[in-house]
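Here's the structure, in structure tokens; my notes come after.
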Amino acid sequence: MSKQLRAKEFSRQALYDLVWSQPMRTLAAEFGLSDVAIAKTCRKHGIPVPPRGYWAKRAAGEKATKVALPPRDLGMPDVLTVGSGGYQQQLSQDELLGPLPPRPEFPNDLDEIRAAVDKKIGRVGVPTTLKRVHPAIGKLLAEDDRRRAKQSASRYPSFWDGPIFDAPPERRRLRILNSLFLAVSRVGAKPEVRGRKALEVWIGVGEQSVPIMLDGVRKGRRPDIRYERKRPVDLSKLQFDILEAHYGGHVRMSWADDADGKVESKLASIAVEIVVWGERTYRENKIRSHEWRVERQQQLEDEARARRLESERAVIQEREEEEEKARRERLQGLARDLRQANDIRALVQQVKRASRVSERRYSNDDLDRWEQWALGVADRLDPVHSGAVVESIDDLDDKR
């Protein structure tokens with residue numbers, strides 16, 4: 001039985017090679033997933049899978065066509081995770097300290113991407129009426145219809161309950177957004193609208209989300225979208241922004257009603273730049289991720305080096321403390337030896353004095369032999385006389 005593969009990362013090419021190397025059910029069993037889940041992952045990342053009957057034809061020796069792997073969709077990752085819900089797992093410390101992947105490179109530059117997207121999107125017009133309606137815009141119109149009906153049925157109609165997009169400037173905003181949504185949908189981008197006034201808008205390009213805003217011309221930084229329009233906004237001139245973020249983000253790119261024309265005339269360029277910005281965001285994130293990994297590896301290596309140096313310093317300090325302790329013990333031993341030597345010398349002098357007045361007299365020869373022996377013992381004990389002090393001094397000098 002093959003070992004189950006769980007939460008494993010693959011490049012698109014690697015997963016493509018894998019799904020065309022064995023039947024999907026066999027592969028799914030190895031991942032502990034269903035073949036439907038594997039197929040769904042492949043479909044999401046634009047990876048073709050063998051059609052029904054492919055493996056039967058191969059087994060029968062018949063010709064079975066292999067579908068080529070198309071280029072990565074804009075804004076989609078080139079590395080994906082299969083298993084454990086498809087979520088990318090956090091790298092372990094051992095993986096972070098392992099070989100670094102090469103710096104991300106991309107086959108086409110953004111100018112080439114821009115030209116290809118421009119060709120797919122083509123001309124973008126803004127009709128005077130909303131005939132073909134994008135689902136996101138249709139939802140806003142339906143909500144407006146509910147407000148209108150509620151206001152009409154109320155004995156005390158509230159301005160808050162009234163329709164939002166009946167006024168010509170707001171209707172214009174809606175028509176521009178509708179044409180933009182239809183245009184970016186031609187290249188697979190997915191618009192999302194939040195907020196009752198359609199001020200919070202994102203364009204999903206692959207797995208990237210590009211925040212945009214279409215509103216009256218303002219000077220400087222856009223207001224925080226969470227407060228929508230606390231004050232009336234002049235919609236006689238519109239401004240279209242690609243934002244860093246809806247909540248207090250900076251404007252990245254901007255178009256407005258000006259001497260070069262109205263926003264409607266620039267909508268094709270706006271649609272192209274939004275899609276390109278999604279791909280650009282993916283590339284910037286991928287490069288930042290690689291740079292973070294390089295920095296994180298350096299940080300971990302520096303931390304490991306610091307711990308190693310600290311450990312080495314601790315070992316050296318412990319060794320020095322042990323050596324110092326040993327030197328102190330030897331010094332104390334020398335001092336004891338010196339005291340004993342001096343005590344012996346004092347004893348010899350005391351014995352010599354006592355022998356002169358003692359009732360028991362010792363022969364001069366016996367006393368001389370004992371004195372010579374005792375003083376010899378004292379000299380051998382005496383660290384100054386024996387040279388042991390010199391050795392202690394030399395040992396201390398060697399440690400400097």
Side-chain angles (χ1 to χ4, degrees), residues 110-111 113-141 143-144 163-187 189-205 210-223 225 228-246 249-278 280:
L110 291 180
D111 287 338
I113 298 293
R114 185 175 288 106
V117 173
D118 182 58
K119 185 176 180 180
K120 287 184 179 181
I121 287 180
R123 181 179 176 276
V124 181
V126 182
T128 56
T129 59
L130 289 169
K131 292 183 179 179
R132 183 185 171 203
V133 179
H134 187 277
I137 301 300
K139 183 179 179 181
L140 293 173
L141 291 173
E143 291 173 354
D144 241 15
I164 295 173
F165 302 104
D166 280 355
E170 292 286 6
R171 200 71 171 180
R172 180 191 173 202
R173 285 184 61 244
L174 214 58
R175 289 189 291 107
I176 293 174
L177 288 175
N178 185 66
S179 295
L180 174 71
F181 290 179
L182 293 173
V184 297
S185 296
R186 298 171 194 167
V187 291
K190 298 178 180 179
E192 179 185 357
V193 180
R194 297 180 191 171
R196 60 196 300 269
K197 295 181 180 180
L199 291 176
E200 297 180 72
V201 181
W202 288 265
I203 305 296
V205 181
V210 182
I212 64 173
M213 185 176 184
L214 176 62
D215 203 14
V217 173
R218 295 175 184 268
K219 293 183 179 180
R221 187 167 172 170
R222 284 294 197 183
I225 274 300
E228 292 195 334
R229 293 186 186 135
K230 287 288 185 180
R231 299 176 181 175
V233 176
D234 181 10
L235 296 178
S236 61
K237 288 187 177 181
L238 293 181
Q239 178 175 324
F240 195 107
D241 296 326
I242 296 178
L243 303 173
E244 180 182 14
H246 271 305
H250 294 280
V251 175
R252 294 296 188 92
M253 298 185 73
S254 186
W255 299 262
D257 294 336
D258 53 25
D260 295 330
K262 291 185 175 295
V263 169
E264 288 89 337
S265 66
K266 307 169 186 178
L267 205 54
S269 297
I270 293 173
V272 171
E273 291 303 329
I274 289 173
V275 176
V276 173
W277 198 272
R280 176 179 175 175

With [X], which residues qualify under side chain to side chain donor-acceptor pair (under 3.5 Å), at least two apart?
X    : result
S236 : D234
D118 : none
E143 : none

For the backbone of [Y] and the side chain of [X], can you confirm whether one donor and one acceptor N or O come within less than 3.5 Å of each other?
X    : Y    : value
R173 : L235 : no
R186 : I121 : yes
D144 : I164 : yes
R123 : A268 : no

[Y] and [X], any side-chain heavy atoms less than 4.5 Å apart:
X    : Y    : result
L174 : L141 : yes
L180 : V124 : no
V263 : I270 : yes
D215 : K197 : no

At what distance, to the nearest 0.5 angstrom, does CG of L238 lie from CD1 of I176? 5.0 Å

Rounded at 0.5 Å granularity, tell me how far CE in M213 sits from CZ in F240. 11.0 Å

Restricting to pairs with a member in residues 116-138, which pass ring-ring contact (aromatic ring centres under 6.0 Å, His included), not counting sequence neighbours? H134-F181

Applied to residues 131-140, the salt bridge (Lys or Arg N to Asp or Glu O under 4.0 Å) test, sequence neighbours excluded, yields none

Which salt bridge (Lys or Arg N to Asp or Glu O under 4.0 Å) pairs, counting each pair once, include a residue from residues 257-274, with sequence neighbours left out? R114-E273, R172-D257, R172-E264, D258-K266

P191 and its side-chain contact (heavy atoms from CB on, under 4.5 Å) partner, picked from I212, V184, I274: V184

